[in-house]
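Take a look at the structure below.
First listed ligand is number 1; within each ligand, the first listed atom is number 1. Since the structure is predicted, the reported quantities are computational estimates derived from the model, not experimental observations. Quick note: numbers below take in every heavy atom, side chains included, and nothing from hydrogens, waters or symmetry partners.
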Amino acid sequence: MADMHYHDYLQLDKILNAQLPESDKQNLSAHDEMLFIIIHQTYELWFKQLHHEVDAVANTMNKPALNDNSPELQTVVHRLNRCVTILRVLVHQIDIMETMTPMDFLDFRDMLRPASGFQSWQFKQLEAKLGLKFDNRHGKEYYTSQLRKEHVDIIKHSESSSSLLELINTWLERMPLAPELSDDRDSFWQIYLKSYEGSLAEAEKGNITALEEIFFNSKSQTPNPQQLSSAASRAALFILLYRGYPLLQQPFQLLNCLLEIDEQLSSWRYRHMNMVHRMIGTRIGTGGSSGKDYLKAAADKHYIFREIAQLNSFLIERRKLPALPKEMEMRLGFVHQ
Ligand code: HEM
């Protein structure tokens with residue numbers, strides 16, 4: 001067998017011959033179109049890697065019994081952290097795009113119409129895999145209006161499969177360590193409720209109703225049902241509060257990764273939106289949307305893990321945390337005797 005060669009292994013013949021500027025075809029050479037193509041291709045390659053990581057994480061989380069006491073959870077956290085690092089790079093890549101001026105872009109912009117990043121099915125499928133529901137999308141059907149049928153099918157398939165957020169919900173629900181719900185005044189959650197109530201300013205008293213709705217209700221009455229159940233929300237809050245205990249460190253890292261993913265995605269959306277504003281002002285996008293206004297509305301609405309971020313409204317100071325029973329402290333520690 002012939003030795004493997006770098007060029008063949010990476011299929012460079014295909015990759016390096018995949019930049020075909022429209023401006024060259026039309027003999028109206030526009031220097032920056034090469035950058036424009038390469039940057040989009042790079043994004044799509046990183047999207048592919050993000051799918052690879054998120055699929056692996058979902059496969060592990062989807063096991064009937066993810067073993068929290070094994071390397072599996074550590075691997076999940078490790079891969080999600082990798083996603084965060086990739087997303088950070090994607091945010092920074094906008095710096096390179098912004099070396100193109102609006103006039104440089106105008107040299108070839110009209111030749112692209114109606115192509116647009118809006119047709120990136122990998123991006124939309126990623127949102128769906130993470131947990132963005134159709135009902136929570138800005139403009140509902142509009143987001144698939146420019147996609148090819150086969151790409152819509154791919155996204156719809158992901159929307160109807162268990163999203164990462166749903167898998168996290170199931171995992172949290174079966175967390176064995178969170179204290180049980182009880183009406184007993186001396187029970188953990190009743191003591192917690194009292195302590196939380198005491199920490200609120202007058203203007204925040206409405207938070208108690210929200211707390212009861214989120215943590216103590218088995219069925220949400222809100223028109224837009226929460227994706228995290230009450231049991232899952234209690235487990236997540238418990239993890240956030242007692243994350244210092246060894247057994248809760250990885251679960252805490254996992255929740256933290258999800259917030260970081262949302263934050264990086266949101267940073268990307270805002271940087272992209274500002275770049276669009278700078279590049280085309282208030283003109284409509286090549287994909288036909290209202291441009292900046294569409295992107296702003298999607299950025300505001302498309303937080304995926306907002307229910308986890310919202311849990312941080314219900315924290316209390318560490319020194320006021322209810323002490324845990326000795327037996328529970330033992331279970332959360334390294335040593336079992
Ligand atoms: C000169 C640079 C760019 C401009 C002027 C621009 C403009 C726009 C506009 C106006 C939209 C809204 C849809 C439309 O009407 O077309 C859009 C959406 C989008 N663009 Fe860009 N874009 C640029 C670069 C990029 C890059 C480098 C990426 C990387 C993949 C990208 C990915 C996307 C995605 C994923 C959407 C859909 C966002 C959503 O639906 O929330 N764009 N872009």
Test ring pair (Phe, Tyr, Trp, His ring centres under 6.0 Å) on H40 and F36 and set out the steps. CA-CA 6 Å; H40 279 85; F36 191 77; 4.4 Å; yes

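- Side-chain atoms of H302 do not come within 3.5 Å of backbone N or O of L132 as any donor-acceptor pair.
- Using a 4.0 Å cut-off to heavy atoms of S116, the atoms of ligand 1 that qualify are 13 (C), 14 (C), 16 (O).
- W46 does not count as a contact of ligand 1, since none of its heavy atoms falls under 4.0 Å from the ligand.
- At the top of the distance list for atom 5 (C) of ligand 1, counting protein heavy atoms only, stands F105 CE2, 3.6 Å.
- Counting non-hydrogen atoms of neighbouring residues, nucleotides and ligands closer than 6.0 angstrom, the CZ atom of R306 exceeds 12 such neighbours.
- The protein heavy-atom contact nearest to atom 28 (C) of ligand 1 is H40 NE2, 3.6 Å.
- You'll find the side chain of R243 stays beyond 4.5 Å of the side chain of N256, heavy atoms only.
- Annotation: cation-pi pair R137/Y143 present, NZ/CZ under 6.0 Å from the ring centroid and within 45° of its normal.
- Taking 4.0 Å as the cut-off, R269 counts as a neighbour of ligand 1 on heavy-atom distance.
- Within ligand 1, counting atoms from 1 as listed, the ones closer than 4.0 Å to a heavy atom of G288 are 15 (O).
- Remark: the S116 side chain and the Q146 side chain contain no N/O donor-acceptor pair separated by less than 3.5 Å.
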Walk me through it: do E173 and S229 pass the test side chain to side chain contact (heavy atoms under 4.5 Å, CB included)? CA-CA 8 Å; E173 278 179 344; S229 68; 2.6 Å; yes

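- A heavy-atom separation below 4.0 Å is not found between Y143 and ligand 1.
- Backbone and side-chain nitrogen or oxygen atoms of E44 are examined, and none is located within less than 3.5 angstrom of a nitrogen or oxygen of ligand 1.
- No other N/O/S atom of H272 lies as close to atom 21 (Fe) of ligand 1 as NE2 does.
- Nearest protein neighbour of atom 37 (C) of ligand 1, counting heavy atoms only, is F118 CA, 3.7 Å.
- Between the side chains of Y270 and D300, at least one donor N or O sits under 3.5 Å from an acceptor N or O.
- Under 4.0 Å from ligand 1, the heavy atoms of L295 that appear belong solely to its side chain.
- At least one heavy atom of M275 sits under 4.0 Å from some atom of ligand 1.
- Taking 4.0 Å as the cut-off between side-chain N and carboxylate O, D153 and K156 do not count as a salt-bridged pair.
- The shortest contact between atom 32 (C) of ligand 1 and any protein heavy atom is with W268 CH2, 3.6 Å.
- A salt bridge (Lys or Arg N to Asp or Glu O under 4.0 Å) with K133 is found for exactly one of E159, E307, E166, namely E166.
- Counting the atoms of ligand 1 from 1 in the order shown, those under 4.0 Å from a heavy atom of M279 are 1 (C).
- Close contacts of ligand 1 with M100, meaning ligand atoms under 4.0 Å from a residue heavy atom, involve 1 (C).
- Between Y142 and Y294, the gap from one ring centroid to the other is short of 6.0 Å.
- Near I39, with a cut-off below 4.0 Å to any heavy atom, the atoms of ligand 1 are 27 (C).
- The atoms of ligand 1 that sit less than 4.0 Å from any heavy atom of V276 are 4 (C), 6 (C), 7 (C), 8 (C), 10 (C).
- With S289, G285, G117 as candidates, the residue nearest to atom 13 (C) of ligand 1 on a non-hydrogen basis is S289.
- Closest to atom 39 (C) of ligand 1 among all protein heavy atoms lies Y294 OH, 3.7 Å.
- Near A298, meaning under 4.0 Å from one of its heavy atoms, ligand 1 places the atoms 41 (O).
- Residue Y43 has no N or O atom closer than 3.5 Å to an N or O atom of ligand 1.
- Under the 6.0 Å distance and 45° angle rule, K124 counts as a cation-pi partner of F118.
- Using a 4.5 Å heavy-atom cutoff, the side chains of L237 and W189 are in contact.
- Here is the list of ligand 1 atoms found below 4.0 Å of a heavy atom in F36: 1 (C), 2 (C).
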